[in-house]
Amino acid sequence: MKPRAENPLLWYQLFGLTRNRWRRQPLLYGALVASAALTYLLVFQLIAYNDASLGTALNFGLFAICLFAPLMAYNLFSLEYEKQTWESLALTRLSAREILWGKWGAALVRLALLTLAFVPMTLITIDLVGTQVYATVAGWLVLFSWGALLTTLGMWLSFKLKRTISTASTLYAGQVFALLLFPLLYLTFGSWDTGIQSISFLQNHWEGFLWWVGSLFDARFVVHLNPFYVNSQLGWIAQERPWTGWSDDTVSYLKGLYYLNWGYTQSFLYLALAMLFAGLTYRGLKYAWRK
Amino acid sequence: MLDVKGLRKEYGELVAVRDLYFQLHPGDVFGFIGPNGAGKTTTIKMLATLLEPTAGTATLNGIDIVRYPEEVRPLLGYMPDFFGLYEGITVTEYLEFFAAAYRIPKAQRAAIIENVLELTDLTVKKDAYVETLSRGMQQRLCLAKSLVHDPILLLLDEPASGLDPRARIEIKELIRELGAMGKIVLVSSHILPELADFCNKIGIIEKGELLVWGAVDEIVRQLQANRLLEIKPLGEQEPLIQRLEREPHVHGVEARNGSLYVHFAGGLEEQADLLAALVRDGYRIATFREESLDLEDVFMRITKGEVS
């Protein structure tokens, strides 16, 4: 991407939209910030006083990302159509890449800030149960990449559907289907077999790679790609190495997760999907806006 | 110069715009007239490079708008019929946004924005939030935004729609001024008195077809092969009607609202002779004048009220 020193759209999306609203409605926004801060502290304490595992801490963060990431993207383009501003924007000298980066970049910056907010929550689990760096970093990556997938999908949907309400409802309903109903349906009809036991036989990363390739053709993929499931397994990995005192089965299972690059692979796939939707949006801009 | 060459837009079976040809020069204010659904907005969107024509093209200063939309865009300013503004920022910030988006160097922006605000009479509102402006002021801000990069062609789609009478007059004045600045202004409307005041050229479109285009006076002259004279006599009309019907240049007489409307094929000389003859014959004439066609008459004569 050709770097540009100035992207007015990125500035507007990041600051212009909200900057003055904070000033004009300080009470409303103050109350919102206070509520968010209180909720954050409550969750923080919940994790600290209950000796929660890394998996639990990550799933708190993931829940928040599932809730808030769509809000960062659901109106990125639909608002341009609804407010009839897209034509003026299309006629400027901003390229399709700059428009895409202006919108997507702003959403990603917000998402990164939200992800960072959950870093302290995951870090406090280190002292409590001895979380490993491997699992913690993977957890942060899962949070950010799942959010990136949601925001990018939201951006593309808002470009295609051109309606904010349709985009928002599709994003939330889609998450309910993808994260809850599909895995439940699969597990109900599949005797609750996640297929994860087979990983105990993995001996190295190459076998782990082949396992992923094979799972692409398996319906269990909907479970393995489920970020809540990914986090719960990361909670397992986050036990102290070399898993002393554990049964051989458990140790080989945890090693299997490690050979699968568990968490990193899923993050890569989420980001790859995000890039796909970003590419589709870019292509749409080139074609529909004639950029 | 804007040279439109066979511009055509089809949506399946429907021909929205049918092979338009016209040319406009710097300083021309072109009134694009037609009923709703005639193809005005489609034409403007094609000229604005937002819509790809099915056939034909147009060139702006020699640059093909279909082949090189990115090169043409900095040369044109566009104000859509329905438009929105980026909210949450001030008028100055809004113009700065577009100045940056049009790659105007930072050092020049403040002066340009000041000039544009002055031209559109928005200086007093420069620190106001965009969403707090009245509809008329928002319209002017949208126009100001279209001017920050100093375009040579301005495409204004129904610029006065939804405005109160005062705002309409102000926007008309502004358009006139832009024409005087040497810009090519294409302004569409279906409200004819709006355009009559400031357009030097018009084009009438109906059902996607440009029925006529050219200088306003020329079109009126073409349509007015027969002059229409209004004669208001004092006393009885019937003897005067019989007298007029004997005149060689008179092609018909209608009596309406106490006046006689005479279809007259002669020139100014013959017109003066007719008046002298009537007075000489003892008719008492209170009014004797030529009815001239206005834009509404032109429009009504040319169009059939069909949409594409």
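A, B, ... follow the sequence lines: proteins, then strands. Residue 1 opens every chain.
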Best-contacting candidate, B:G88, B:G77, B:C142, against chain A by heavy atom pairs under 4.5 angstrom:
B:G88
Count the heavy-atom pairs under 4.5 Å between each of A:L89, A:L94, A:T85 and chain B, then report the option with the highest count.
A:T85
Interchain contact, A:L9 with chain B, by part (heavy-atom threshold 4.5 Å)
both
Would you mind checking which part of B:E87 comes under 4.5 Å of any heavy atom in chain A, side chain (CB onward), backbone (N, CA, C, O), both or neither?
both
Is B:Y86 close to chain A through its backbone or its side chain, or both, or neither, when contacts mean heavy atoms under 4.5 Å?
both
With a 4.5 angstrom heavy-atom cut-off, is it the side chain or the backbone of B:E71 that approaches chain A, or both, or neither?
neither
Are more than 12 heavy atoms from other residues, nucleotides or ligands located less than 6.0 Å from atom CZ of A:R283?
no
Do other residues, nucleotides or ligands put more than 12 heavy atoms under 6.0 Å from B:M1 CE?
yes
Judged by atom type as modelled, is there a donor-acceptor pair below 3.5 Å linking the side chain of B:R73 to the main-chain atoms of A:A90?
yes
Has B:E70 got more than 12 heavy atoms of other residues, nucleotides or ligands less than 6.0 Å from its CD?
yes
Could you check whether atom OH of A:Y29 has more than 12 heavy atoms from other residues, nucleotides or ligands sitting under 6.0 Å from it?
yes
Ignoring hydrogens and angles, tell me if any N or O in the side chain of A:R290 forms a donor-acceptor pair with the backbone of B:T49 under 3.5 Å.
yes
For B:L76, is it the side chain, the backbone, both, or neither that has a heavy atom closer than 4.5 Å to a heavy atom of chain A?
side chain
Would you call A:L91 and B:Y102 a side-chain contact if the rule is heavy atoms closer than 4.5 Å?
yes
Those residues of residues 58-77 of chain A, ordered by number, that approach chain B below 4.5 Å (heavy atom to heavy atom):
none
Part of A:W11 within contact of chain B (heavy atom distance under 4.5 Å)
side chain
Is A:E82 close to chain B through its backbone or its side chain, or both, or neither, when contacts mean heavy atoms under 4.5 Å?
neither
Which atoms of B:E52 are under 4.5 Å from chain A, going by heavy atoms: the side chain, the backbone, both sets, or neither?
both
Please determine which of B:Y78, B:F98, B:F83 meets the side chain to side chain contact (heavy atoms under 4.5 Å, CB included) test together with A:S88.
B:F98
Members of residues 178-187 of chain B whose heavy atoms come closer than 4.5 Å to chain A:
none
Winner by heavy-atom pair count (cut-off under 4.5 Å) against chain A, out of B:H149, B:M79, B:R109
B:R109
Can you measure from CG (B:D81) to CD (A:Q84) and round to the nearest 0.5 angstrom?
8.0 Å
Do the ring planes of B:F97 and A:Y12 sit parallel (below 30°), tilted (30 to 60°) or perpendicular (above 60°)?
perpendicular
With a 6.0 Å cut-off (strictly less than), is the heavy-atom count around NZ of B:K125, excluding the residue itself, greater than 12?
no
For the student: nearest non-hydrogen atoms of A:E6 and B:A100, plus distance
OE2-CB, 3.8 Å
Within 6.0 angstrom of B:E10 CD, more than 12 heavy atoms from elsewhere:
yes
Assess whether atom CD1 of A:I165 is packed by more than 12 heavy atoms of other residues, nucleotides or ligands within 6.0 Å.
no
